[in-house]
Amino acid sequence: MVTTATRLLRTPQVWLVPAGLLTLALCLITLLFNGSVADPGADLRNAPIGLVSLDKGVSTKGAGHQNVGRQVVAGIATQPQKPHPSVKWKTFASLDEAKQAIGRNELFAAAVLPQDYSARMLGLLGTTPEKPAVTVLTNHGAGSMASSIGQQIAESAVRGASSGAATGILRQAQKAGASVPAANQALLKDPVSVTTQAGAPLGDRTGQGMTAFFYALLLMISGFLGANLIHATTDSALGYSANELGPKRHLTPPQNIDRRQTLLAKCLIMVGASAVMSAAILAVSTFALHLDLPHSPLLWLFGTAATSAVGIGTLAVLAVLGGPGVIAAMIFFIAAAIPSSGGAIPLQAMPAFWQFLAQFEPQRAISDGTRALLYFDAQGAAGLDRAWITLGAGLLASLLIGFGATWLYDRKGWHRIHPHTRTRLRQFLRHDHEAAHTGGTAAA
């Protein structure tokens with residue numbers, strides 16, 4: 001009896017199983033992707049913002065030496081934050097210390113009060129008032145959103161605190177009986193001018209801090225897709241699945257190989273392919289796109305390691321779960337990894353669950369390592385050390401899970417193809433090949 005599409009669809013598991021798995025996977029992916037960006041403002045926790053006061057203070061007749069800048073910085077750093085601490089203020093004694101912190105990717109931004117902050121603030125009551133010039137150091141290497149959040153918080157805090165300090169200065173002057181013109185009073189409501197400056201300047205071809213995210217995304221996709229392709233082609237070469245190319249379908253006799261040796265072969269192929277893929281990404285980015293990519297040899301090595309870790313992890317999942325492993329690996333290495341990577345949206349602006357995922361998801365390690373290599377002079381403290389450790393731990397876990405499960409399957413005799421079936425299939429394919437060869441000779 002010839003099977004038709006209609007007859008096939010009468011078997012519920014043919015369409016019900018894939019439809020159910022895909023629906024479940026898409027619901028989970030939607031939650032993971034959209035849930036991570038639902039309300040960054042409300043989810044913001046511990047955004048690292050620096051504060052620096054270079055103010056030398058000023059001596060006055062009535063009040064002695066005053067340092068308004070020090071008071072403003074102390075007031076910002078100790079202000080209560082409710083209902084949760086959205087900002088983690090960090091004070092620095094010098095401008096160099098703040099820039100070094102940004103150079104290690106420890107800050108989103110930093111507000112710097114000038115040396116003449118007190119003098120100009122008190123001078124706003126005089127006849128020739130000049131606003132203090134506050135500088136906000138930005139960190140585009142942390143990502144566009146992180147830099148933007150940091151800049152907004154730093155500027156808003158400095159303006160608000162300076163306005164409060166100016167109000168105090170005005171009240172003291174009025175209590176002393178001084179007459180303050182209306183123009184000066186209006187100036188005291190917005191007493192500072194704010195300019196922005198790059199705390200750690202980036203190159204022109206860095207996408208304002210976004211090239212690292214996309215470069216890391218390419219490494220992850222290469223590992224995931226490469227693993228699936230290697231899984232399929234290796235199984236085809238071993239005779240455990242058919243090799244189809246257009247209308248051609250070729251099935252080789254199944255080889256006598258256990259699961260552990262199969263996984264080992266796939267992992268070794270994955271490492272070799274990762275080296276090639278990492279080199280290809282680096283070459284195109286360098287010679288075709290002319291991106292600013294310092295530390296190219298180390299970037300290639302890191303890319304090879306990252307792609308290998310993702311690929312071997314995917315192969316381990318496929319070895320353990322079989323066909324459904326594709327969906328499981330996609331959820332872990334893509335759906336849960338991209339939102340929690342911190343590449344596009346800083347982790348501090350995500351709900352607690354996504355911050356938890358980021359502790360072990362490989363994409364965060366890849367993003368942090370790539371960012372450190374591209375923007376922060378390959379400093380270990382900028383995220384590169386943690387990236388190596390996380391990828392190494394993930395690779396070790398993948399090998400233990402993959403080879404542990406395949407060892408168990410082999411020991412229990414859970415063959416991919418039963419030895420008797422494999423023998424019969426080899427005999428059938430050999431007979432079919434001989435018949436085709438004999439028929440071709442007779443026709444000739």
Side-chain angles (χ1 to χ4, degrees), residues 35-53 72-93 95 97-113 134-162 164 192 194-200 202 208-210 212-213 338-359 361 363-365 367-368 371-372 375-376 379 381-383 386:
S36 66
V37 296
D39 193 353
D43 294 327
L44 189 65
R45 301 287 191 283
N46 299 319
I49 311 296
L51 294 170
V52 184
S53 176
V72 166
V73 166
I76 294 174
T78 58
Q79 67 179 348
Q81 301 179 46
K82 296 179 180 180
H84 56 77
S86 58
V87 183
K88 184 177 182 180
W89 299 106
K90 297 183 178 182
T91 58
F92 299 90
L95 180 61
E97 287 183 8
K99 287 186 175 181
Q100 288 172 8
I102 292 177
R104 294 189 299 268
N105 198 27
E106 296 176 355
L107 300 174
F108 286 179
V112 182
L113 305 187
V134 176
T135 302
V136 173
L137 301 177
T138 58
N139 181 13
H140 286 293
S144 297
M145 180 176 283
S147 178
S148 177
I149 289 174
Q151 179 181 336
Q152 291 175 12
I153 292 175
E155 182 173 345
S156 176
V158 168
R159 287 189 183 278
S162 297
V192 296
V194 180
T195 58
T196 59
Q197 177 183 327
L202 303 181
Q208 292 187 339
M210 289 302 294
F213 170 67
I338 294 177
S340 62
S341 68
I345 303 171
L347 296 176
Q348 291 85 349
M350 291 185 183
F353 175 71
W354 281 261
Q355 295 183 22
F356 167 74
L357 287 179
Q359 301 307 311
E361 280 287 353
Q363 188 59 19
R364 184 204 171 182
S367 294
D368 286 350
R371 183 179 284 123
Y375 308 144
F376 301 109
Q379 296 182 80
R386 184 193 177 279

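In this text, all values refer to a predicted model and were calculated from it rather than measured experimentally. Keep in mind that the numbers below use all heavy atoms, side chains included, and drop hydrogens, waters and symmetry copies.
Atoms OG and CG, from S36 and L357 in turn, are 10.0 Å apart once rounded to the nearest 0.5 Å. Annotation: the span from S341 atom OG to M350 atom CE amounts to 6.5 Å, rounded to 0.5 Å. From L137, atom CG reaches atom CG of L107 across 9.0 Å, with rounding to the nearest 0.5 Å.
Residue pairs meeting the salt bridge (charged side-chain N to carboxylate O under 4.0 Å, His left out) criterion with at least one member in residues 136-151, sequence neighbours excluded, do not occur.
Checked by atom type and distance alone, the side chain of Q208 never pairs as donor or acceptor with a backbone atom of S144 at under 3.5 Å. For R45 (side chain) and D43 (main-chain N/O), a donor-acceptor pair under 3.5 Å exists by modelled atom type. Under the 3.5 Å distance criterion, the side-chain polar atoms of R371 are left unmatched by any main-chain donor or acceptor of G383.
The closest side-chain heavy-atom distance from V112 to V134 is not below 4.5 Å. Under the 4.5 Å side-chain criterion, counting only non-hydrogen atoms from C-beta, N139 is not in contact with F108. Side-chain contact between E106 and F376: absent, with no pair of heavy atoms (C-beta onward) separated by less than 4.5 Å. A 4.5 Å side-chain heavy-atom check between V194 and V136 finds at least one atom pair inside the cut-off. Counting only heavy atoms from C-beta outward, the side chains of W354 and L347 never approach each other to under 4.5 Å.
Counted by atom type alone, Q151 and S147 present zero donor-acceptor pairs between their side chains at under 3.5 Å.
Counting heavy atoms of neighbouring residues, nucleotides and ligands inside a 6.0 Å radius, atom NZ of K90 exceeds 12 of them.
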